Amino acid sequence: MRNILIVGAGQAGLQLALSLNARGYRVTLMSAKTPGEIRDGWPTSTQAMFDPALETERAYGLNHYDQVAPPIRGLHVMLAAPPGNLALQFTAPLGKPAFSTDQRIKFSRWLTDAEQAGVEVIYQPVSPAYLEALAKRYDLTVVAAGRGDLVELFERDPERSPYEQPQRGLAVAYVHGLAPDPGWPEPHVEFHAVPGLGELFVIPALTRTGPADILFWEVLPGGPLDVFGATENHLETSLSLIKENLPWFHERCADVRLADDKATLQGRFTPTVRKPVAHLNGGGKALGIGDIVIANDPITGQGANTAAKAADHYLRAIVANGDRPFDEEWMTATFESFWQAHGRAVTLWTNGMLQPLPPHAQQVFGAASANPAVARRFAHGFEDPNDLISWFADPGAADAYMRSVS
């Protein structure tokens, strides 16, 4: 029986721990917070999980909220140019619904599941020195803690990390009281782009107090919308920016209120890809998973999806390795195969979306507003970013595709 240590209790760490335990492995999971501390704390991210990623959860019975979370039916894309004027819009239905479950309730439930299933869960922060001591006791150590001191153990990969500064300031509020979109009353993600200034995402979600919506601003650092750090009234600031830049959406916000007393989040980070193997003092090694090795900006909504797919990929690699050692060659090969299968496309697409939309992408959006086939394929890219890379990211391929469906 292989003995595996997982440090970090987010999407990747928890899913990997629970699925390995179900396959008969001895698993120890280190979590810096208890289920109660997670559930009663502040949100740490947003999330909109699409069907392929959700299937990796369903395979191990981890989909506790499919029947209660709002089923996200697609995307509604709107461009404001100039600010305050709606220049273009289109709806993009999904083939199967997506779901967004507040990770405070999801991860606290999964931690309880892990304990009840026989995973050894230890509630304690892990420092680099402590990790070095721990790793000696296990056949494999996987680090899934995307924040804190352990990140520095993993070397930045400059060839895959084009940015050295944050590209967006992030401001999140879970709210109740948002009126439905009159043009598409079914739950869907709204993408309001204000070129040169930022983006507002509106995500139907399940939170601690029931169904809600996430108002999620991504603003250019130093720009006119980058004002959240200067005020304590997060929701008032968000609604003020909506009124000024997106008046057609502000009409639906008359009754908006925070979903709970800890329903907001602010921050910014530099998108970074890191090398997958940490070399510990004393000769030990640890394999990174999730945000600690692929930390993309959330502008494409892929963070939790990438983490879920990584957990599934690593699970399969661990099982396939049998009784052979989990050496550095295996660790590197496991990450690289995931990078080629999933990580590369997500990273290229996300980094591209952080830049001003090139002319061919603007043409794609224009075509999507008139042609449902283009809109549906754009939506499908959120489920499978590899498809987007095959046409949306390349001017020639985009032109050829649009001519084929015109």
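As the structure is a computational prediction, the values presented were derived from the model and not from experiment.
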Which label fits W330 and F326: parallel for a plane angle under 30°, tilted from 30 to 60°, or perpendicular past 60°?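 Plane angle over 60°, so perpendicular.
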Tell me whether the rings of F378 and F365 are parallel (<30°), tilted (30 to 60°) or perpendicular (>60°).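 Correct class here is perpendicular.
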State plainly whether the residues [X] and [Y] are in salt-bridge range, i.e. N to O under 4.0 Å.
X	Y	value
R58	D66	yes
E190	R252	yes
K106	E57	yes
R268	D226	yes
D260	R208	yes
E199	R168	yes
R104	D102	yes

Can you tell me how far CG of L94 sits from CZ of R73, rounded to the nearest 0.5 angstrom?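 The distance works out to 9.5 Å.
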What's the separation between atom CG in L5 and atom CE in M30, rounded to the nearest 0.5 Å? 7.0 Å
Kindly state whether the ring of W349 and the ring of F382 have centres lying under 6.0 angstrom apart. yes
Would a line drawn from the ring center of F228 to the ring center of H234 be shorter than 6.0 Å? yes
Without hydrogens or angle criteria, can the side chains of [X] and [Y] be said to hold a donor-acceptor pair below 3.5 Å?
X	Y	result
Q11	Q15	yes
T347	N296	yes
H313	S337	yes
Q47	T101	no
S161	T272	no
T270	E164	no
E244	H250	no

Partner of L111 under side-chain contact (heavy atoms from CB on, under 4.5 Å), chosen from L18, L29, T34: L29
Which residue, H380, E383, E55, K96, forms the side-chain contact (heavy atoms from CB on, under 4.5 Å) with F50?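 So the option named by the test is E383.
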W184: ring pair (Phe, Tyr, Trp, His ring centres under 6.0 Å) partners, not counting sequence neighbours: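 Ring pair (Phe, Tyr, Trp, His ring centres under 6.0 Å) list for W184, sorted by chain: H188.
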What pairs with H176 under ring pair (Phe, Tyr, Trp, His ring centres under 6.0 Å), at least two apart in sequence or on another chain? none
Other residues, nucleotides and ligands only: do more than 12 of their heavy atoms fall within 6.0 Å of CZ on R344? no
Does atom CD of Q355 have more than 12 heavy-atom neighbours from other groups under 6.0 Å away? yes
Applying salt bridge (charged side-chain N to carboxylate O under 4.0 Å, His left out) to R137 and not counting sequence neighbours gives none
Minimum heavy-atom distance A53-K309, with the two atoms named: N-CE, 4.3 Å
In sequence, state the C-alpha distance, the side-chain angles, and the governing distance for L14 and I6, and then conclude on side chain to side chain contact (heavy atoms under 4.5 Å, CB included). CA-CA 8 Å; L14 278 164; I6 299 172; over 6 Å; no
